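Following: one structure in structure tokens, then a few remarks.
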Amino acid sequence: MTTRFQAPRGTQDVLPDMQPYWQAVNDAIRVVTRLHGFRRIDTPAFEYAGVFEKGSGDTTDIVEKEMYTFEDRGGEKLALTPEGTPAICRAYLEHGMASWPQPVRLYTTHQMFRYDRPQKGRYRQHTQFDCEIFGSTDPLVDAEVIAVLWRLYTMLGIRNAGVRLGSLDDIAPRRAYVERLKDYYRPHLPKLSEDSQRRFERNPLRLLDSKDERDLPFKEAAPKLVDNLSPEARAHHETVLGALEATEIPVEIDPLLVRGLDYYNRTVFEIVPTDDARAQGTIGGGGRYDGLMEILGGPPTPGMGFGSGIERIILEMQRSGVVFENEAAADVYIVHKAEGAAAVVFGLASRLRSAGVAAVLGESNKSFKAQMRGANHSGAKFAIIIGDDELARGAGTVKDLTGEGEQESVELGRLPALLAAKLRA
RNA sequence: GCGGGCGUAGCGUAGUGGUUAACGCGUCUGGUUGUGGCCCAGAAGAUCGCGGGUUCGAACCCCGCCGCUCGCCCCA
């Protein structure tokens with residue numbers, strides 16, 4: 001016997017009972033993005049691998065160990081999208097959006113693929129809601145992007161979350177800072193944890209993020225990025241903070257906030273649960289990436305955006321106690337058992353649907369009782385019963401399933417209009 | 001990629017070396033002639049994640065693999 005197939009590791013099916021959550025998220029995304037003047041863009045499920053190797057940075061974990069890359073039959077090196085921002089930037093350049101009215105506000109929801117070790121809230125295929133604003137260096141744009149995400153979460157009933165805000169300075173002053181940081185750490189290198197020794201080479205900013213006890217003493221005295229911001233970046237940071245503080249959004253400065261992607265400068269942020277310390281807690285995060293377009297071969301074009309995992313949004317909704325009633329499968333369930341009724345009931349069902357009534361047919365090889373059970377399970381408000389008697393009269397028996405089950409006989413031709421009216425009531 | 005926990009019908013669980021693996025929910029079918037929800041009865045559904053080993057005998061012990069999960073790395 002063959003082994004039964006399972007969904008591939010790190011992937012999951014979204015079953016009907018979960019769909020109301022997805023529906024709610026997608027609906028809210030449409031509303032929120034409209035309120036902020038964003039327009040939708042969709043990019044392909046895969047891109048030339050170079051888009052991410054260059055865009056995300058070829059020493060990032062995403063590119064080094066998580067990308068699904070493959071060669072197609074023509075020998076092109078492609079990658080399933082691991083991250084939305086570089087793909088959207090590629091589209092911006094490819095379609096000459098620099099000649100659109102600036103700034104350009106775009107959003108999307110997109111499948112992301114990363115070869116990670118799965119955990120709750122971390123999957124190899126997940127869906128991300130992305131917003132990007134191109135063409136503006138205004139710090140209010142940074143604040144707005146954060147506000148979009150916050151508004152979405154609030155609309156969806158997510159409670160107990162907060163914004164963590166940081167700044168990574170501009171690229172050049174940050175490089176200078178990183179050198180100073182490395183100078184500070186270099187003599188202590190052998191005493192650091194293995195992870196931090198790797199960080200020293202790959203991503204020194206992460207040294208300040210270590211939870212390892214061996215690293216803690218050195219963190220204390222290390223030079224902090226926030227204390228060394230360039231005047232321009234500091235002013236920018238303070239304007240963003242001030243703007244957010246003018247709203248109800250709870251903001252907390254996180255001087256150690258580091259994001260794993262190379263392209264960020266100045267503003268970075270995350271929105272995290274405030275009542276749950278789980279490792280995969282970040283619901284959404286992003287930042288400013290003024291240098292990314294140039295990395296991808298375009299003209300200097302500032303950008304600011306975020307990604308937020310819809311699977312994680314839904315987990316937070318559930319933790320916040322958001323529940324949905326299961327929606328009825330139909331308005332009307334047609335119970336039928338009569339010689340020669342097939343064409344009549346099929347035609348009736350069609351006319352009901354044309355009248356906007358969701359209709360499901362019972363199976364004629366089942367008993368009335370079995371079909372009535374089906375009607376009950378469907379959640380339909382009415383059953384239409386068609387047996388030999390009704391067929392002879394050219395009528396259907398309408399049974400109200402919401403109350404005691406009162407029945408009335410109605411001429412076939414009048415059924416669609418009558419039921420449409422009853423359902424509207 | 002590294003370390004810990006777990007894996008019994010669709011779901012939730014019981015059973016921890018010895019006859020036909022149990023219970024609840026769910027599903028299906030009945031409870032007289034054409035009728036739901038409650039109740040009652042019956043049925044279907046599990047090679048006890050997969051493979052190997054120990055043993056007279058394994059769901060129960062050992063090993064490997066797969067999957068889930070928690071933590072690390074990192075991220076949404």
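Hydrogens, waters and symmetry mates play no part in the numbers below; they use all other heavy atoms, side chains included. Not measured: the values here are computed from a predicted model. Numbered from 1 within each chain, the chains take letters A, B, ... in sequence-line order.
Rounded to whole Å, the separation between the C1' atoms of B:C70 and B:U29 comes to 44 Å. B:C63 and B:G5 have their P atoms separated by 11 Å, with the value rounded to a whole Å.
Side-chain to base pairing of A:R117 with B:G3: one donor and one acceptor N or O lie within less than 3.5 Å of each other. The base of B:U35 sits with one of its N or O atoms less than 3.5 Å from a complementary donor or acceptor on the side chain of A:Q407. The base of B:G34 sits with one of its N or O atoms less than 3.5 Å from a complementary donor or acceptor on the side chain of A:E390. A donor-acceptor contact under 3.5 Å links the side chain of A:R122 to the base of B:C74. For a distance-only test at 3.5 Å, the side chain of A:K120 fails to qualify as a donor-acceptor partner of the base of B:U69. A donor-acceptor contact under 3.5 Å is not formed by the side chain of A:N376 with the base of B:G37.
Proximity of A:R105 to A:C131: side-chain heavy atoms (C-beta onward) are nowhere separated by under 4.5 Å. In this structure, the side chains of A:L225 and A:L208 stay at 4.5 Å or more apart for every pair of heavy atoms.
Distances shorter than 4.0 Å separate some side-chain N or O of A:H377 from OP1 or OP2 on B:U27. A sub-4.0 Å separation between OP1 or OP2 of B:C68 and a side-chain N or O of A:R9 is present. Residue A:R373 has no polar side-chain atom (N or O) positioned under 4.0 Å from OP1 or OP2 of B:C28. Remark: A:S367 is not in phosphate contact with B:U35, judged by side-chain N or O atoms under 4.0 Å from OP1 or OP2. In this model, the phosphate group of B:G30 is not approached by any side-chain N or O of A:K369 to a distance below 4.0 Å at OP1 or OP2. Taking side-chain N and O atoms only, A:Q119 has a distance below 4.0 Å to OP1 or OP2 of B:G71. A:R198 has no side-chain polar atom (N or O) that falls below the 4.0 Å cut-off from OP1 or OP2 of B:C74.
With both pairing distances under 3.5 Å, B:C48 is matched to nothing as a Watson-Crick or G-U wobble pair.
Look at CH2 on A:W22: it is 16 Å from P on B:A76, rounded to the nearest Å. Remark: P of B:G37 and CG of A:N326 are 19 Å apart, rounded to the nearest angstrom. When the P atom of B:C68 is taken as reference, atom CD of A:E311 falls 14 Å away, rounded to whole Å.
Mapping A:A370 and A:D400 onto RNA chain B via the closest heavy atom, the residue that lands nearer the 5' end is A:A370. In terms of position on RNA chain B, the residue among A:K366 and A:Y115 whose nearest nucleotide sits closer to the 5' end is A:Y115.
Base contact: A:G403 has a heavy atom under 4.0 Å from a base atom. Among the heavy atoms of the strands, none lies under 4.0 Å from A:E194.
Below 30°, between 30° and 60°, or above 60°: for A:Y92 and A:F134 the angle between ring planes is between 30° and 60°, a tilted geometry.
Of the candidates B:C68, B:C74, B:A76, the closest approach to any side-chain atom of A:H126 belongs to B:A76.
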